[in-house]
Amino acid sequence: MTKRKVRVRFAPSPTGGLHLGGVRTVLFNYLFARKHGGDFILRIEDTDQNRFVEGAEDYIQDTLAWCGLVPDESPVHGGAFAPYRQSERKERYRAYAEQLVKDGYAYYAFDTPEELEQMRIQFKTAENPSPQYNQVIREQMRNSLTMPEAEVQALLDAGTTYVIRIKMPKDETLTFTDMIRGEVSFNTSQVDDKVLLKGDGMPTYHLAVVVDDYQMEISHAFRGEEWLPSAPVHLLLWKYLGWEEAMPEWAHLPLILKPDGNGKLSKRDGDRLGFPVFAMDWTDPKTAEKTTGFRERGFLPEAFVNMLAMLGWNDGTDQELFSLEELVEKFSMERVHKGGAKFDYEKAKWFNHEWIKKTPADQLLPAVKSALLANAVPVTDDIVLEKVIGLVKERCTLLPDFVQQSAFFFSQPENIEISAIQPKWDDKKNLFFAELIRAWELSTLWEASDLEKEFKELAAANQLKPGELMLPFRIMLVGGKYGPGVFDIAEIIGREATLARIKHTLQLL
RNA sequence: GCCCGGUUCGUCUAUCGGCUAGGACAGCCCCCUUUCACGGGGCAAAGACGGGUUCGAUUCCCGUACCGGGUACCA
């Protein structure tokens, strides 16, 4: 291929939330574009007016923004190749379809949906459960190949609804090179006469994708593996339209599969198995059905993107944690795996945990703060919050985990799990804490290390093992058996709160 | 059915003919920590099957099996 400016596109149909596989396709497009100094385009493929879903396009834009995969050109970002919605490009497609008819590469078909259905029933056999509108069958259908020219013209003049179908040649071998799979071949006799222009005047995907990729000067076309079977149609269209030289290079990405059983991952699997499939929350405007997304589950976009990149790609080393910048630098389509990958939510969580650990507390702060506020944790002081985050983040896998791990820093725990200490509670311990209160009321220092030293010295003086006292102390401050080191907690919540919590619990015992 | 694609530990994967088949997640055990984690150490776990080609195949070729995708006036 001649070297030309790299221009790639993500071309979703706005029919609902953006699924994992979709975001991964975006990611690979984005990485490839950035790596080669090219452009990343978002094009909305809304040629099926029956499937239009309110809000879906905004959702796609929001998802890309959240992931940090912002397009250079899109319906909202504009660009030199606007418009970027196929519905707004409608007028462009018909002329090409008509041209194909004129050149003998396509034809008019007047079959009604009922007639098509009847054809499928009529020709259906055990060996051929789904008959196609192909080189053989088309001879028996109502189209400009079988009907006299005058009749066709009369139908056309009368404004009869028709579609334009591609005329697949007989027994030709079509070969192209897929960047991931290498050479792939098809025999045209196995491919049916796909509809190019629908009865409502809108193009099908097949026509639209070729026309738009050509007009938008797309250099590389990446899409899911489910498109591989229709590649010969696209190949032929590029050829018939006379644009063969400008055809993009193709890469068909492997599918993301269900964790259990078989088949490609669907939203239903997430509902069934309890993990997100969409990037962000999505509410179906018609059914009001709500689906949770990775963002709302508490994933960091960095982790989400990192996880997706590793689903089918690796750099050949053992490295698994990559920032977006590193991915841009190291990504190559040739290293994308051919086989589908079963989605593993546990591994996805691991990525998030790793990213929470490696992200500095101050950068985590906004996300953590909103998670805490959403759960009625009264955070006011960002300085304190930042310290807390630094202390607890290694024990948080998802953002909401910060709620349990840090709520007690900001308010006295409501439930004190005294059952954890009561069985082994005695007067000696009671006395120890009474003395501890007195000692700490007077102590001039209030740092974790000093507190721990005093605590242990006092324990020794009372002939008690520090270990026996640590859990009770933790329960007093935290309310339960969790959280970071107790003396760190005491340092942060301060003398007043520490002593108040000890006293409070002592009264319960 | 037909067409296309795929096939390494339970899962994600490394290996571009030399392998005692490596890593990660999950699992199990130990240490650390008298919370829970983090961290450290260890165990267990794989080349679908059958033929070739080759001194040598996980790697190349063929067949079979299995899995996936497609087979719409949906993308």
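Applying the Watson-Crick and G-U wobble criteria (two distances, each under 3.5 Å), B:C2 pairs with B:G70. Look at B:G39: its Watson-Crick or wobble partner, with both distances under 3.5 angstrom, is B:C31. Within the shown strands, B:G10 is the pairing partner of B:C25 under the Watson-Crick or G-U definition, both distances less than 3.5 Å. Pair assignment for B:C55: B:G18, on the basis of Watson-Crick or G-U wobble contacts that are both within less than 3.5 Å.
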Next on the checklist: One pair to check against ring-ring contact (aromatic ring centres under 6.0 Å, His included): A:Phe455 and A:Phe487. What are the steps and the verdict?
Outcome noted: CA-CA 9 Å; A:Phe455 187 96; A:Phe487 300 106; 5.2 Å; yes

Checklist entry - Given A:Glu98 and A:Tyr108, is the side chain to side chain donor-acceptor pair (under 3.5 Å) satisfied, shown in steps? => result CA-CA 9 Å; A:Glu98 297 287 356; A:Tyr108 300 111; 2.5 Å; yes

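Here A:Asn314 reaches the OP1 or OP2 of B:A14: one of its side-chain N or O atoms lies under 4.0 Å away.
For the P atom pair drawn from B:C29 and B:C66, the interatomic distance equals 39 Å after rounding to whole Å. A distance of about 25 Å separates the P atoms of B:G23 and B:A37, rounded to the whole Å. Separation of the P atoms belonging to B:A21 and B:G27 is 27 Å when rounded to the nearest angstrom. Comparing B:C38 with B:G47, their P atoms are spaced 31 Å from each other, to the whole Å. B:G70 and B:G50 have their C1' atoms separated by 29 Å, given to the nearest Å. Across B:C9 and B:U15, the matching C1' atoms stand 15 Å from one another, rounded to whole Å.
Which of B:G6, B:C25, B:A37 sits closest to the side chain of A:Glu394 comes down to B:A37. For A:Arg474, the side-chain atoms get nearest to B:U35 when compared with the rest of B:U15, B:U35, B:C38. With distances taken from any side-chain atom of A:Leu471 to the nucleotides B:U35, B:C2, B:G23, the minimum falls on B:U35.
Judged as a ring pair (Phe, Tyr, Trp, His ring centres under 6.0 Å), and not counting sequence neighbours, the contacts of A:Tyr105 are A:Tyr240.
Separating the CZ atom of A:Arg223 from the P atom of B:C4 is a distance of 17 Å, rounded to the nearest angstrom. Here the P atom of nucleotide B:U35 and the CD1 atom of A:Ile421 are 15 Å apart, to the nearest Å.
Judged by the 6.0 Å and 45° rule, A:Arg297 forms no cation-pi pair with A:Phe275.
Residue A:Arg335 qualifies as enclosed at atom CZ: its count of foreign heavy atoms under 6.0 Å is above 12.
Residue contacts shown for A:Pro484 include a base, since a base heavy atom lies under 4.0 Å away.
Remark: the A:Arg395 side chain and the B:C36 base include a donor-acceptor N/O pair separated by less than 3.5 Å.
When only modelled atom types and interatomic distance are considered, A:Gln412 and A:Arg501 share no side-chain donor-acceptor pair under 3.5 Å. A:Ser87 and A:Asp46 form a side-chain donor-acceptor contact under 3.5 Å, judged by distance and modelled atom types alone.
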Next on the checklist: Each nucleotide in nucleotides 69-75 of chain B should get exactly one letter: B, S or -. Can you fill that in based on protein heavy atoms under 4.0 Å?
Outcome noted: BSBSBBB

